[in-house]
Amino acid sequence: MKNILIVLLGPTGVGKTDISIDLATRFNCEIISADSRQFFREMRIGTAVPTDLQLNTINHHFIQFRQVKDYYSSSLFERDVLELLPKLFSKNNIALMTGGSGMYIDAVCYGIDDIPDVDPLVREKYISKYKEEGIESLRAALKLLDPEYYSKVDLKNYKRIIRALEICETAGRPYSSFLIKQKRERDFTKIIIGLERNREDLYNRINLRVDEMVKSGLEQEALQLYDFRNLNALNSVGYREYFDFFDGLISREKAIELIKRNSRRYAKRQITWWNKNQEIKWFSPEKVEEIIEYISESIKG
RNA sequence: GGUCGGUUAACCGAGUGGCUAGGUAGCGGUCUGCAAAACCGUUUACGGCGGUUCGAAUCCGCCACCGACCU
């Protein structure tokens with residue numbers, strides 16, 4: 001019997017969590033969360049982690065298993081998921097992965113090139129270089145070390161340039177030489193389900209959900225994480241806006257308004273990411289029966 | 001009824017005769033390691049009708065609407 005990974009994806013607020021519970025119950029499988037912020041145990045309200053009831057009903061993996069100070073990446077996620085899957089498949093040939101982090105999902109589904117780990121000090125060096133000398137000096141360095149990538153990158157995006165530079169230095173060869181971009185074969189079948197709603201409904205849901213998070217104490221949660229505000233994990237919608245409020249830069253109302261806006265934009269970016277993936281079969285979250293039917297058919301076929 | 005001020009894109013808002021202000025929201029996109037990140041692109045509007053002018057958002061007249069004050 002072949003192993004199957006059902007992937008349930010969709011923009012933030014579309015309704016993935018509830019459906020993932022339905023599907024996991026129906027197919028008697030466990031859930032792998034592919035949400036780059038739900039990984040962190042200190043971030044609960046702002047990342048809309050499943051309820052305790054949901055977590056108790058279905059076995060979840062990769063939820064709140066790291067601390068905000070920990071380093072984690074899509075590559076580590078690929079490794080960890082591929083390590084976990086055989087264990088899940090030994091119990092049942094179906095597993096369900098759900099989430100909204102496009103790059104993490106792609107890493108599991110299609111693989112990601114092997115690129116050496118970077119010494120944090122090297123990274124620090126280039127970050128300082130950027131801060132002190134500006135992006136122009138980064139460009140100049142990249143042009144020298146990796147002209148091929150230089151001709152392709154977005155030269156205004158300092159993050160991309162820094163990444164390339166730190167790899168060049170660590171490996172002693174151009175970053176672009178690592179970018180094979182070959183899809184990896186997987187020993188399981190993927191069934192990729194996308195959830196979509198019309199834009200207006202989605203945005204209304206996002207706005208309402210933010211209000212609910214606020215009622216549930218998002219401000220308090222953010223306040224507790226204030227000391228960690230410079231960590232990458234906290235450079236997240238729902239937290240950084242509150243940090244600005246704590247710093248007196250904006251009003252509380254403004255912070256909440258910005259959380260809504262930034263969540264909407266995030267959702268749009270997610271949609272854009274998936275737009276070009278022809279493997280995704282899209283459904284309305286209202287049509288759970290159709291999704292189940294589609295999965296059942298795919299499993300048989 | 002009168003006097004004055006105002007009416008600019010979804011919103012805010014600058015612009016006094018020719019040269020697409022700007023901002024925000026929205027929309028579209030990029031993407032191989034902290035990705036809920038970072039970055040890029042984008043909407044040619046001047047309340048209505050006439051007039052002056054080679055040319056009007058800009059000047060003139062009338063009308064409509066909004067606001068303030070007067071009666």
Side-chain angles (χ1 to χ4, degrees), chain A residues 10-13 16 33-40 43 45-49 66-80 99-120 122-124 127 130 135 138-139 149 152-164 166-167 170-171 175-184 199-200 202-203 206-207 209-210 213 218 222 228 230-243 254 257-277:
Chain A
T12 188
K16 296 186 291 296
S33 170
D35 185 308
S36 72
R37 288 302 188 267
Q38 288 183 2
F39 294 158
F40 300 103
M43 300 162 73
I45 298 172
T47 60
V49 164
R66 289 278 113 111
Q67 293 180 280
V68 290
K69 62 177 171 52
D70 293 335
Y71 170 84
Y72 203 64
S73 72
S74 53
S75 175
L76 294 174
F77 184 67
E78 175 195 24
R79 183 198 68 192
D80 292 345
S101 301
M103 190 162 64
Y104 285 69
I105 292 170
D106 285 354
V108 171
C109 291
Y110 312 113
I112 191 165
D113 292 322
D114 289 320
I115 296 173
D117 289 331
V118 175
D119 181 343
V122 173
R123 155 150 290 201
E124 280 305 316
I127 292 175
Y130 169 61
I135 197 163
L138 293 182
R139 288 179 193 150
Y149 193 63
K152 283 188 296 195
V153 246
D154 176 352
L155 289 170
K156 291 188 176 161
N157 191 330
Y158 71 92
K159 289 204 170 197
R160 300 260 167 78
I161 302 180
I162 288 178
R163 161 109 266 247
E166 64 192 19
I167 297 301
T170 299
Y175 172 62
S176 54
S177 69
F178 290 98
L179 303 180
I180 316 294
K181 291 178 185 273
Q182 188 174 32
K183 286 194 178 185
R184 299 248 168 97
R199 200 57 67 84
E200 199 185 337
L202 181 64
Y203 285 1
I206 287 172
N207 294 158
R209 192 165 77 157
V210 170
M213 288 177 180
L218 180 58
F228 299 111
N230 292 320
L231 294 175
N232 185 73
L234 274 311
N235 183 195
S236 299
V237 177
Y239 297 89
R240 56 180 180 177
E241 296 86 355
Y242 266 119
F243 297 151
K254 184 70 180 175
E257 189 188 316
L258 288 177
I259 291 172
K260 291 176 182 173
R261 185 200 68 183
N262 292 339
S263 297
R264 280 182 245 127
R265 289 179 172 177
Y266 170 48
K268 164 58 187 145
R269 270 178 275 128
Q270 291 173 296
I271 293 167
T272 300
W273 180 283
W274 291 311
N275 266 163
K276 59 191 169 211
N277 187 332

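Chain A is the first sequence line, chain B the second, and so forth, proteins listed ahead of strands; every chain is numbered from 1.
- A:Asp117 comes within 4.0 angstrom of nothing in the nucleic acid, heavy atoms only.
- The base of B:G33 lies outside donor-acceptor range of the side chain of A:Ser74, with no N or O pair under 3.5 Å.
- Nucleic acid contact for A:Tyr239: none, since no nucleic acid atom lies under 4.0 Å from a heavy atom of the residue.
- Taking atom CD1 of residue A:Ile112 and atom C1' of nucleotide B:G33, one finds them 6 Å apart after rounding to whole Å.
- At least one side-chain nitrogen or oxygen of A:Tyr175 sits closer than 4.0 Å to the OP1 or OP2 atom of B:G33.
- Using a 4.0 Å heavy-atom cutoff across all strands shown, A:Phe40 reaches no nucleic acid atom at all.
- At least one side-chain heavy atom of A:Ile271 sits less than 4.5 Å from a side-chain heavy atom of A:Leu202.
- Among the atoms of the strands shown, base atoms are found under 4.0 Å from some heavy atom of A:Tyr266.
- Distance from the side chain of A:Arg199 is smallest for B:C27 among the nucleotides B:C27, B:A38, B:U30.
- At the heavy-atom level, A:Arg265 lies under 4.0 Å from the strands shown only through sugar-phosphate atoms.
- A:Asp113 places a side-chain N or O within donor-acceptor distance of the main-chain N or O of A:Lys181, the cut-off being under 3.5 Å.
- Of the side-chain N and O atoms in A:Arg240, one or more sit less than 4.0 angstrom from OP1 or OP2 of B:A38.
- Note on A:Tyr110: nothing from the nucleic acid sits closer than 4.0 angstrom, heavy atoms only.
- Between A:Lys268 and B:G28, a side-chain N or O to OP1/OP2 separation shorter than 4.0 Å is present.
- Donor-acceptor pairing under 3.5 Å, judged by distance alone, is present between the side chain of A:Asp113 and the base of B:U32.
- Looking at heavy-atom distances under 4.0 Å, A:Arg269 makes contact with a base.
- Within the structure, a side-chain polar atom (N or O) of A:Lys181 is placed less than 4.0 Å from OP1 or OP2 of B:U32.
- In this structure, of B:G33, B:C40, B:G26, it is B:C40 that holds the atom nearest to the side chain of A:Asp154.
- Candidate nucleotides B:U32, B:A37, B:G29 were compared by shortest atom distance to the side chain of A:Tyr149, and B:U32 ranks first.
- Note on A:Lys69: nothing from the nucleic acid sits closer than 4.0 angstrom, heavy atoms only.
- For the pair A:Tyr203 and B:C27, the criterion of a side-chain N or O lying under 4.0 Å from OP1 or OP2 is met.
- Contact annotation for A:Gly238: no contact, since no heavy-atom pair falls under 4.0 Å across all strands.
- Nucleic acid contact class of A:Thr47 (heavy atoms, under 4.0 Å, all strands): base.
- The pair A:Glu257-A:Lys254 meets the salt-bridge criterion, with a side-chain N (NZ, NE, NH1 or NH2) lying under 4.0 Å from an Asp/Glu carboxylate O.
- Taking 4.0 angstrom as the limit, A:Lys152 places none of its side-chain polar atoms (N or O) nearer than this to OP1 or OP2 of B:U30.
- Residues A:Leu234 and A:Phe40 are not in side-chain contact: their nearest non-hydrogen atoms beyond the backbone lie 4.5 Å or more apart.
- Listed pair A:Arg163 / B:G33 meets the phosphate criterion, a side-chain N or O lying under 4.0 Å from OP1 or OP2.
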